[in-house]
There are 2 protein chains.
Amino acid sequence: MSQSTVSLVLSGKASGRVAAATADLVRAAADELGYQPNAAARTLKSGASRTIGLVVPDITNPVFGHVLRGAQSAATAAGYTVVLVDADGDGTGGEASVRALRQTFVDGLLVFAIAPPEAALAPGGPPVVLMDMPDGDLPTVTLDLKGGVHAAMEHLLGLGHERIAHLRADIAEPTFAARAAAWARALHGAGLDAGEDLVARCAFTHTAARAAGNTLLARDPRPTAVLCDDDLLAAGLLLAARDRGLTVPGDLSVVGFDDMPLAELLTPPLTTVRFDAQALGGRAVDVVLAHIRGDEDAPRRAWIETSLVVRESTGPLPRP
Amino acid sequence: MSQSTVSLVLSGKASGRVAAATADLVRAAADELGYQPNAAARTLKSGASRTIGLVVPDITNPVFGHVLRGAQSAATAAGYTVVLVDADGDGTGGEASVRALRQTFVDGLLVFAIAPPEAALAPGGPPVVLMDMPDGDLPTVTLDLKGGVHAAMEHLLGLGHERIAHLRADIAEPTFAARAAAWARALHGAGLDAGEDLVARCAFTHTAARAAGNTLLARDPRPTAVLCDDDLLAAGLLLAARDRGLTVPGDLSVVGFDDMPLAELLTPPLTTVRFDAQALGGRAVDVVLAHIRGDEDAPRRAWIETSLVVRESTGPLPRP
DNA sequence: ATGAAAGCGCTAACAA
DNA sequence: TTGTTAGCGCTTTCAT
């Protein structure tokens, strides 16, 4: 029996070209021998690896774990495999890994919220889609950050708050810039000032947030509510409030971002902006896949909704 | 200029075989053209992909994120890439992904604390090392769970506790069996009984732990301390204690496991057993690499130490 | 309905 | 020191 017959059968192109009996024979033999087609040879010949790469800034963050899951299940359904790169994991901001990936012949690349490694953009490469990072040229899947922040601010404003501060991650990424802009817009929309006295910045850890929070809460007049760029920062701020003998939500309302698992476990449970990270991953896969196939109408923009989860860290303005 | 010359130069085997001037020329040209050797062809020819696969049960758990990082940096240093598979991510317990990986020609496979997918063990496959899962045949890297539990129990015993319960993850994995055995041993060692009345079981979520905790804490006599299989379960138990008006550590001491980021953020901050997840990942890579190279003295067993981090969720036995 | 043969891009043994 | 050549295992076209 010849190679080509086997190839035809095992790659499911046998219908109408190979006798059913022969096909069954082939499958039985393959099964018995535990035969697995060699992916390298297949890739070499066909020029496609049926693999897509996903670059995330920090896989240690559960949010990105969910993104990976969503991506993995969408990819598996389409017969693709996803390969994860943690940009911090290799000590080169992902450059080394992305280079390795491209060599490896990924058919597509998903880059989440970090300056895309140069290597990802080099010409001649596979289609790239950016996640949570608006861009003029590349296709993107973005979160409705504005909507999420807006909902949070409406909630706070509705509770009577006016001095609503913003605890920012001190990281120059569009995702954080978008949060800041939406915060300021909401304040302006309510006829309020979005001054620097309402802004605090810190590194992306709860320890840094605690320190920055202590400074922020020492200001006079003190903010009565704080919107935080992430749940981790909100957790640090909760600690700072406790440091200063402030009660949440009695003296201070706190809103987080991401709805990480810990949000529910904090004291008090955190009001936070949630988005469906798994859907984000799945959607991004759908988009690259369309570009890989070369679809005429492959989407260039996709959005993932956000929503506000109200728990116990927000309450009415304290009456002095 | 011939293919072989270029190949020699670019794979760093030029010394003494290619003129320095030619080599420079090749490199310059490669650089200018942005030439990347085709990994599929290289793999096909050489039979090695310089890629190792890592299978984890739940990438959403920060612990596994750290494992991946450790693995990734050790691998990068050795010129390898690591490919992650989340066993839950593809809806087939990792079978589909592992099969894909093997097709992809991983040179080695790391499997963390889940029944290794059948596909991983099929004969003719690459070397496999198991993490946190003792096994007779395969090489393993295991945590010193006994040591960790022992330290926690000594701590509790030293505080005067005698009714030390065990809140267990209801999952049949060796890692949890080891914790249970060590818990019982410590109790016996102190002349105490390790009866079923001190045991509670629940699914691996804080909600389940909260429910199980409520039941456990309603027993008479009530345990004065609880060892939990994971920080997430401990977080659920903290909630249960609060449900019942119990104070921690005043009325109840709680010990977690893993030292997840949230441990520090809970109220009160959690006493917990820590291990260096990053080191675990790195060590596992070192071990597979040795097996891949076919080293005579490739290690079959490696251990990662654990330690007890004492925070504020444990305290002296309540005086009735 | 099946088989023969070419070639994907690389490495390595060998020849010049 | 450089070039020629033979595959690695597969897919696919073309002949049978």
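Order of the sequence lines fixes the chain letters, A, B, ..., with proteins taken first and strands second; residue numbering starts at 1 for each chain.
With sequence neighbours excluded, the residues forming a side-chain contact (heavy atoms from CB on, under 4.5 Å) with A279(B) are D276(B), I304(B), listed by chain and number.
Annotation for R293(A): atom CZ counts as buried by contact number, over 12 foreign heavy atoms lying within 6.0 Å. Other residues, nucleotides and ligands place no more than 12 heavy atoms under 6.0 Å from the CZ atom of R17(A).
Heavy-atom nearest nucleotides on DNA chain C were determined for A20(A) and for L44(B), and the one closer to the 5' end corresponds to A20(A).
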Quick one: do T140(B) and M133(B) satisfy side-chain contact (heavy atoms from CB on, under 4.5 Å)? Show the steps, please. CA-CA 7 Å; T140(B) 58; M133(B) 189 162 47; 5.8 Å; no
Working for side-chain contact (heavy atoms from CB on, under 4.5 Å), residues V111(A) and M131(A): CA-CA 6 Å; V111(A) 179; M131(A) 309 171 84; over 6 Å; no
Listed pairs, N/O of protein and of nucleotides 10-14 of chain D, under 3.5 Å:
| residue | atom | partner | partner atom | Å |
| --- | --- | --- | --- | --- |
| dC10(D) | OP1 | Y35(A) | OH | 2.5 |
| dC10(D) | OP1 | N38(A) | N | 2.9 |
| dC10(D) | OP2 | Y35(A) | OH | 3.3 |
| dT11(D) | OP1 | R42(A) | NE | 2.7 |
| dT11(D) | OP1 | R42(A) | NH2 | 3.2 |
| dT11(D) | OP2 | S7(A) | OG | 2.7 |
| dT11(D) | O4 | Q3(A) | OE1 | 3.4 |
| dT12(D) | OP2 | K13(A) | NZ | 3.0 |

